[in-house]
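Here the structure is laid out as structure tokens; the discussion comes afterwards.
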Amino acid sequence: GLASEIEKLAVLNEELDEDRVRTLVNRPASRDAFDMIDAIVAGDPGTALGTARLLLDAGEAAPRVLGALAWQFALIARAVALRERDGDVPKGVAAKELGVAPYPAGKAMEIARRVDEAMLLEVFEVLLDAETAAKTGRRDPAWAVEAAALSLADRFGDPRAA
């Protein structure tokens with residue numbers, strides 16, 4: 001657990017002092033972003049929705065949550081391409097190739113085993129629709145995040161999608 005927290009802090013690529021580490025580690029949203037993607041790819045809509053609500057209730061802006069999801073799925077798309085090119089690679093090699101810390105690289109490679117290009121296209125369509133709806137006022141921004149979390153978890157929970 002401690003090693004994964006250190007890897008998450010390393011992603012920030014900034015100089016950290018004691019106060020900054022306390023702020024980041026004690027902030028629920030920093031922990032929940034990884035929980036949300038885990039719930040989505042596990043096909044668990046209840047946990048995905050609950051995590052989305054936790055993020056929003058903790059003060060995360062809806063566009064920021066959607067941006068984080070888009071970043072994570074873009075990383076997964078790159079991991080799918082890496083896996084297709086080189087097969088399963090160690091986490092350290094994946095981190096170097098993907099340009100991220102080992103923790104997110106390992107998560108992305110793990111998820112890449114379960115998705116293909118067609119599934120990723122569906123994911124990005126859901127995220128684009130949610131972001132457009134939130135930014136144009138077509139939907140309440142918080143509702144757009146929640147709807148995206150539910151839709152994505154439902155897609156991953158569909159046995160045909162696995």
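Just so it is clear, the model here is predicted, and its values are computed rather than measured.
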TODO: Apply the test side-chain contact (heavy atoms from CB on, under 4.5 Å) to residues E146 and L56: give CA-CA distance (whole Å), side-chain angles for both, the deciding distance (0.1 Å), then the verdict.
DONE: CA-CA 9 Å; E146 293 172 353; L56 295 166; 4.3 Å; yes
Open item on the list: Evaluate K107 against D38 for side-chain contact (heavy atoms from CB on, under 4.5 Å), listing each step before the verdict.
Closed with: CA-CA 9 Å; K107 297 289 280 185; D38 286 343; 2.6 Å; yes
Task: From CA spacing to verdict: side-chain contact (heavy atoms from CB on, under 4.5 Å), I40, F73 - done: CA-CA 11 Å; I40 287 171; F73 278 108; 4.0 Å; yes
TODO: Go through the steps to decide whether D35 and T47 satisfy the test side-chain contact (heavy atoms from CB on, under 4.5 Å), and finish with yes or no.
DONE: CA-CA 8 Å; D35 293 339; T47 302; 6.0 Å; no
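A153 approaches A39 most closely through the heavy-atom pair CB-O, 4.4 Å. The shortest heavy-atom contact between A94 and M109 is CB-CG, 3.5 Å. The shortest heavy-atom contact between A130 and A144 is O-CB, 3.6 Å. The shortest non-hydrogen separation linking A148 to L66 is CB-CD2, 4.3 Å. The minimum heavy-atom distance linking A52 with M36 is given by the pair CB-CE, 3.7 Å. In plain terms, the two heavy atoms of V123 and L152 that are nearest each other are CA-CD2, 3.8 Å.
Between L82 atom CG and K96 atom NZ the span is 12.5 Å, to the nearest 0.5 Å. Atom CD1 of I76 is separated from atom CZ of R114 by 10.0 Å, given to the nearest 0.5 angstrom.
Under the 4.5 Å side-chain heavy-atom criterion for Ile, Leu, Val, Met, Phe, Trp and Tyr, L55 and L49 are members of distinct hydrophobic clusters. No single ILVMFWY cluster, assembled from side-chain heavy atoms under 4.5 Å apart, contains both V126 and L150. Linking Ile, Leu, Val, Met, Phe, Trp and Tyr whenever their side-chain heavy atoms come within less than 4.5 Å puts F124 and M119 in one cluster.
Ionic pairing of D116 and R83 is not present here: no N-O contact between side-chain nitrogen and carboxylate oxygen is shorter than 4.0 angstrom. The pair R85-E97 counts as a salt bridge, with a side-chain nitrogen and a carboxylate oxygen less than 4.0 angstrom apart.
Between the side chain of R138 and the main chain of D129, a donor-acceptor pair closer than 3.5 Å is present. At distances below 3.5 Å, at least one donor-acceptor pair connects side-chain atoms of T132 with backbone N or O atoms of L128.
The side-chain heavy atoms of L75 and R78, taken from C-beta on, include a pair separated by under 4.5 Å. Between K135 and P63, the closest side-chain pair of non-hydrogen atoms falls below 4.5 Å.
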